[in-house]
Amino acid sequence: MRIDARTRAVWLALPALALIGLFLIYPLAEVLRVSFARGESLSPLFEDNYFAGRLWFSAWQAALSTALSLALAIPLAWVFACHRFPGKGTLEALLLVPFVLPTIVVAVAFTALVGPRGALNVALMKLPGVSNPPIDLMNTLWAILLAHVFYNAAFCARIIATNWRAIDPRTEDAARMLGAGARQRFLAVTLPQLRNGILAAGALAFLFCFTSFGVVLILGGPKYSTLETEIYRESLFLFRLPIAAILAIVQMAVTFSAVAISTRLQSRVPGGSHGRRESAFTRETLVAGSAVLVVAGLLTLAPLAALVERSLHAGDGYSLRYYTMLDENVRGQALFVAPIEAVRNSLVFAVCTALIALPVGGLAALAAVRARSTLVETLVQLPLGVSAVTLGLGLLISFDTPPLNLRASPALIVFAHSLVATPFVARTLTARLRSMDPRLRDAAAMLGAGPLTTFLRVELPMLSGALAVAATIAFATSMGEFGATLLIARPEYPTIPVAIYRYLGQPGATNFGQALAMSTILMAVTASAFFAITRAGGRDARF
Amino acid sequence: MRRLALLLLTLASIFLLASCGDDSDGKTLTVVTHDSFNLSEDLVKQFERDNGVTVKLLPRGDAGSMLTALILTKKNPEGDVAFGVDNTLLARALKEGVFAPYSSPLLGRVPNEFQSEGANFVTPVDYSYVNFNNDIARLKELKLDPPKRLEDLLDPKYKGLTVVENPASSSPGLAFLLATVDYFGEGKYLDWWAGMRANGLQVADGWETAYNTNFSLHGGSQPIVLSYATSPAFEQLFADPPRPDAPTANILADKAVFRQVEYIGVLKGTKNETLAHKFIDFMLSVPVQEDLPGQMAVYPVNSEAKTPEAFAAFSKVTVAPANIPAAVIAEKSQQWIADWTRVVLR
């Protein structure tokens with residue numbers, strides 16, 4: 001009976017596996033087939049261990065970036081999961097905004113803040129004895145690490161906070177009564193119960209950084225390169241497609257192993273079912289809490305603020321000129337993108353993505369937890385390890401004939417976005433599902449509820465928080481437009497990032513200003529959407 | 001049952017979405033191009049009216065991405081014509097056989113120097129020069145004269161003031177690397193690059209990064225940036241507040257600039273050959289040729305087309321560009337990029 005139920009649960013992963021099979025495995029196989037059919041030499045792969053070095057660099061910078069992201073995410077999760085304070089809702093929406101920003105915009109933001117004539121250096125140079133700009137981050141390893149923390153910390157904190165809120169506060173109370181201090185309580189009682197959340201967040205951050213592309217290329221500069229930046233150069237500039245294909249396979253193999261390991265490490269012990277209540281800061285926690293918020297604010301909000309400031313800095317004073325100019329097609333361009341149209345397209349794509357990724361990823365999470373299948377859980381994470389460039393080329397050549405002539409359809413973009421959003425959704429929900437007390441289901445079953453009723457009336461309400469987090473991340477994945485969709489983008493449906501690129505691609509102060517104005521619109525739309533989703537998810541959906 | 005229904009629903013929706021949105025409609029002419037392409041809507045509408053056709057412009061990343069996409073889809077091309085392959089990519093495009101032959105009757109108005117390569121298969125449409133720009137105000141602040149020749153940049157007084165794009169990931173980057181090969185000679189160009197590295201040369205991944213973050217005009221550290229000869233004119237045209245002069249200027253010397261010629265060609269396998277030919281003629285017509293400079297910061301190849309005044313004032317190029325045949329570029333650029341990477345980055 002038990003075995004049978006487990007086997008049946010595996011079927012829940014079918015939509016996710018179908019999505020992965022059709023939009024990931026099949027296009028990749030196609031691109032590999034076409035690449036190798038060209039019969040070019042593979043010998044450059046082994047020249048002076050260059051690519052082995054890239055693999056090693058990809059791995060260690062990702063590990064370091066993940067560690068730094070978690071170092072900020074765990075305290076941040078503590079602040080948001082355990083406390084209430086004024087402005088919390090707005091702050092949590094704003095902190096996730098970096099996730100959707102194109103890297104080139106982040107580079108402009110960093111330049112505005114810490115560039116040689118950025119706000120920070122200008123301020124420091126007013127100090128006595130400082131004549132040259134003291135901070136020079138561009139094209140350093142620090143720029144890469146900082147940007148990765150900028151992108152990852154908040155969403156890691158969200159996943160961990162969902163887990164944290166599910167911890168039974170009585171376990172900590174018991175420890176306190178037994179005389180454990182705050183530090184001991186955290187290390188011996190709370191941290192072990194956060195294991196799944198931290199592993200889930202850490203694995204996602206690692207994959208994100210391991211396959212990092214724009215950050216390394218643009219902020220790290222040409223001295224640093226990961227496998228993904230090499231794949232990009234090899235396929236689009238050096239035209240050595242077979243080499244790019246091999247690198248893409250290696251990259252997937254590594255990410256698959258990393259996911260498998262992190263899945264194995266997860267604890268199978270469910271947490272309590274009581275959940276915690278937020279409390280106001282006490283005198284002791286206020287200092288620590290504010291310190292965490294200040295660090296997170298400086299790291300994520302300051303660059304965003306610098307961007308907004310520059311978008312308002314028109315010519316010789318402050319004005320909204322660049323925003324109003326966005327609406328005028330001064331040059332009468334055929335490929336002009338009206339801002340309202342770009343906002344609408346971005347939102348439609350993002351909502352469709354969330355509508356597909358939530359059920360598909362949610363069912364996969366149920367399958368993984370009910371069937372206790374690490375294989376299912378690992379397979380669903382595959383899209384995160386894929387090379388965006390290779391996948392983009394694959395999608396372009398795989399869907400060009402009926403019955404699957406999707407090449408000219410915007411649906412292909414939605415499926416590509418959903419493909420990448422699904423692992424995030426599945427990860428977030430798996431962590432939460434696993435921390436649920438199975439006795440609740442048993443109790444419901446004993447009271448005569450069928451599996452569907454149990455799911456709808458017992459589990460789903462408890463999942464609402466995690467679902468909202470998952471929806472936010474799915475939404476953000478699409479808003480941020482990931483690399484693979486560049487090659488399948490449809491000119492009829494330009495998105496906000498497309499409009500930003502269009503302006504940043506030409507010289508001239510007004511073009512630059514309009515790119516920043518468009519970036520500010522992207523941030524505002526995203527933050528509002530996050531805010532709305534979180535509100536809709538109810539109190540549990542908050543951090 | 002429910003799961004089965006859900007699965008069926010998913011598959012049905014995929015199929016439905018698949019069946020709509022096909023691109024093989026005879027009334028549509030699809031132009032595959034790169035992200036920097038633009039044109040006046042009025043002109044496109046005029047062409048559509050004159051020929052009873054809908055024109056669809058399909059950007060496919062930068063020129064390199066676009067060509068890779070063209071090559072991979074050549075058995076079942078996405079469009080009817082492709083605009084934007086330049087002379088650094090031309091030989092590869094021809095070798096892969098993505099284009100079908102066509103000679104426009106309007107080629108008579110295009111100087112021969114633009115037609116020497118790819119004749120019969122592709123048609124030149126516009127050109128631009130890749131060269132250094134300098135930030136006039138910033139150099140003045142540093143009490144430096146703008147450099148005149150490439151050798152000047154090796155002077156320690158310009159240490160750390162120059163940014164170029166990586167030739168392995170940027171088309172202006174590659175174009176300029178080719179210019180240095182011609183300027184210094186194949187035996188000596190790497191010495192100059194090694195000297196530049198020692199003098200604090202900065203390398204960015206692409207034009208967007210170099211110009212928008214490294215260049216001092218936008219708050220970066222380098223007042224000398226590898227860009228285009230038309231950039232100063234665009235800086236004046238799009239200045240804010242408006243100004244009579246340009247904030248930047250070109251650094252030009254014989255053979256130290258690379259002339260990028262952009263071509264258009266009929267994609268082999270198109271079902272709209274006649275319309276494709278008409279579109280190519282349209283791109284060479286005077287109204288389009290006079291529109292291109294203001295849209296894409298390029299010079300028209302049609303000698304009868306006029307350019308904006310700002311081009312003559314701030315972006316006039318009288319020096320001789322570097323001269324490397326497309327076939328040589330195709331044969332040697334991979335090696336040159338590899339050598340460059342070894343000398344400048346490792």
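Note: hydrogens, waters and symmetry copies are ignored here, and every other heavy atom, side chains too, is used. To find a chain, count down the sequence lines: A is the first, B the second, and so on, and within it residues start at 1. Values in this document were obtained by computation on a predicted structure and should not be read as measured data.
- Looking at B:Ile337, only its side chain comes within 4.5 Å of chain A, counting heavy atoms on both sides.
- Here A:Arg321 contributes atom CZ and B:Asp240 contributes atom CG; the two are 4.0 Å apart, rounded to the nearest 0.5 Å.
- Proximity to chain B is absent for every atom of A:Phe110, based on heavy atoms less than 4.5 angstrom apart.
- At a 4.5 Å heavy-atom cutoff, the contact between B:Asp62 and chain A is made by side-chain atoms alone.
- For the pair B:Thr213 and A:Leu219, the minimum side-chain heavy-atom distance is 4.5 Å or more.
- The heavy-atom pair separating B:Glu208 from A:Leu504 by the smallest distance is CG-O, 3.7 Å.
- Contact annotation for B:Asn76: both backbone and side-chain heavy atoms come within less than 4.5 Å of a heavy atom of chain A.
- For a residue to count as touching a neighbouring chain, one of its non-hydrogen atoms must lie under 4.5 Å from one of that chain's; by this rule A:Glu234 does not touch chain B.
- Using a 4.5 Å cut-off between heavy atoms, B:Ala69 contacts chain A through both its backbone and its side chain.
- Note on B:Asn166, B:Leu72, B:Thr230, B:Thr248: by heavy-atom pairs under 4.5 Å with chain A, the leading option is B:Leu72.
- Between B:Ser333 and A:Phe237 the shortest side-chain heavy-atom distance does not fall below 4.5 Å.
- Interface remark: B:Ser170 contributes backbone atoms only to the contact with chain A (heavy atom separation under 4.5 Å).
- Annotation: side chain of B:Glu41 is in contact with side chain of A:Asn329 (closest heavy-atom distance under 4.5 Å).
- Note that CD1 of A:Ile218 is 9.5 Å distant from OG of B:Ser169, once rounded to the nearest 0.5 Å.
- Top candidate by heavy-atom pairs under 4.5 Å with chain A, chosen from B:Leu237, B:Leu58, B:Val44, B:Asn214, is B:Leu58.
- Across every non-hydrogen atom of B:Glu78 and A:Leu396, the tightest pair is OE1-CD1, 3.5 Å.
- Residues A:Leu393 and B:Thr68 have side chains in contact (heavy-atom distance under 4.5 Å, counting atoms from C-beta outward).
- In this structure, the side chains of B:Asn38 and A:Arg331 stay at 4.5 Å or more apart for every pair of heavy atoms.
- Interatomic distance, OG1 of A:Thr229 versus CG of B:Asp205, reported as 10.0 Å (0.5 Å rounding).
- Inter-residue side-chain proximity for B:Gln295 and A:Gln506 is flagged as unmet; no heavy-atom pair is nearer than 4.5 Å.
- Among B:Ser231, B:Pro247, B:Ala168, the residue with the largest count of heavy-atom pairs under 4.5 Å with chain A is B:Ala168.
- When side chains are defined from C-beta on, A:Tyr503 does not count as touching B:Asn212, because their heavy atoms never get closer than 4.5 Å.
- With values rounded to the nearest 0.5 angstrom, A:Ser225 atom OG is found 9.0 Å from B:Leu345 atom CG.
- In this structure, no portion of A:Phe399 lies under 4.5 Å from any heavy atom of chain B.
- Top candidate by heavy-atom pairs under 4.5 Å with chain B, chosen from A:Val414, A:Leu217, A:Thr401, is A:Leu217.
- For the set B:Trp207, B:Phe215, B:Tyr211, the entry with the most heavy-atom pairs within less than 4.5 Å of chain A is B:Trp207.
- Looking at A:Tyr232, only its side chain comes within 4.5 Å of chain B, counting heavy atoms on both sides.
- Neither the backbone nor the side chain of A:Thr103 comes within contact range of chain B; no heavy atom of the residue lies under 4.5 Å from a heavy atom of that chain.
- Remark: the backbone N or O of A:Gly508 is paired with a side-chain donor or acceptor of B:Glu235 at under 3.5 angstrom.
- Nearest heavy-atom pair across B:Phe37 and A:Leu335 is O-CD1, 3.5 Å.
- Top candidate by heavy-atom pairs under 4.5 Å with chain A, chosen from B:Ser221, B:Ser227, B:Pro232, is B:Ser221.
- Only the side chain of B:Glu96 comes within less than 4.5 Å of a heavy atom of chain A; its backbone N, CA, C and O stay farther away.
- Looking at B:Tyr228, neither its backbone nor its side chain comes within 4.5 Å of chain A, counting heavy atoms on both sides.
- Only the side chain of B:Gln202 comes within less than 4.5 Å of a heavy atom in chain A; its backbone stays farther off.
- In this structure a side-chain-to-backbone donor-acceptor pair under 3.5 Å is present from B:Gln334 to A:Leu238.
- Among the candidates A:Gly332, A:Ala509, A:Pro222, the residue making the largest number of heavy-atom pairs closer than 4.5 Å to chain B is A:Pro222.
- With a 4.5 angstrom heavy-atom cutoff, B:Ile71 touches chain A only via side-chain atoms.
- The line from OG1 of B:Thr341 to CZ of A:Arg233 is 7.5 Å long, rounded to the nearest 0.5 Å.
- Chain A forms more heavy-atom pairs under 4.5 Å with one residue of B:Ser65, B:Ala210, B:Gly64, B:Gly61 than with any other, namely B:Ser65.
- Once rounded to the nearest 0.5 Å, the distance linking CD of A:Gln333 with CG of B:Asp291 reads 9.0 Å.
- Comparing A:Leu19, A:Val34, A:Leu236 by how many heavy-atom pairs each has under 4.5 Å with chain B, the most go to A:Leu236.
- Only the side chain of A:Leu241 comes within contact range of chain B, with heavy atoms under 4.5 Å apart.
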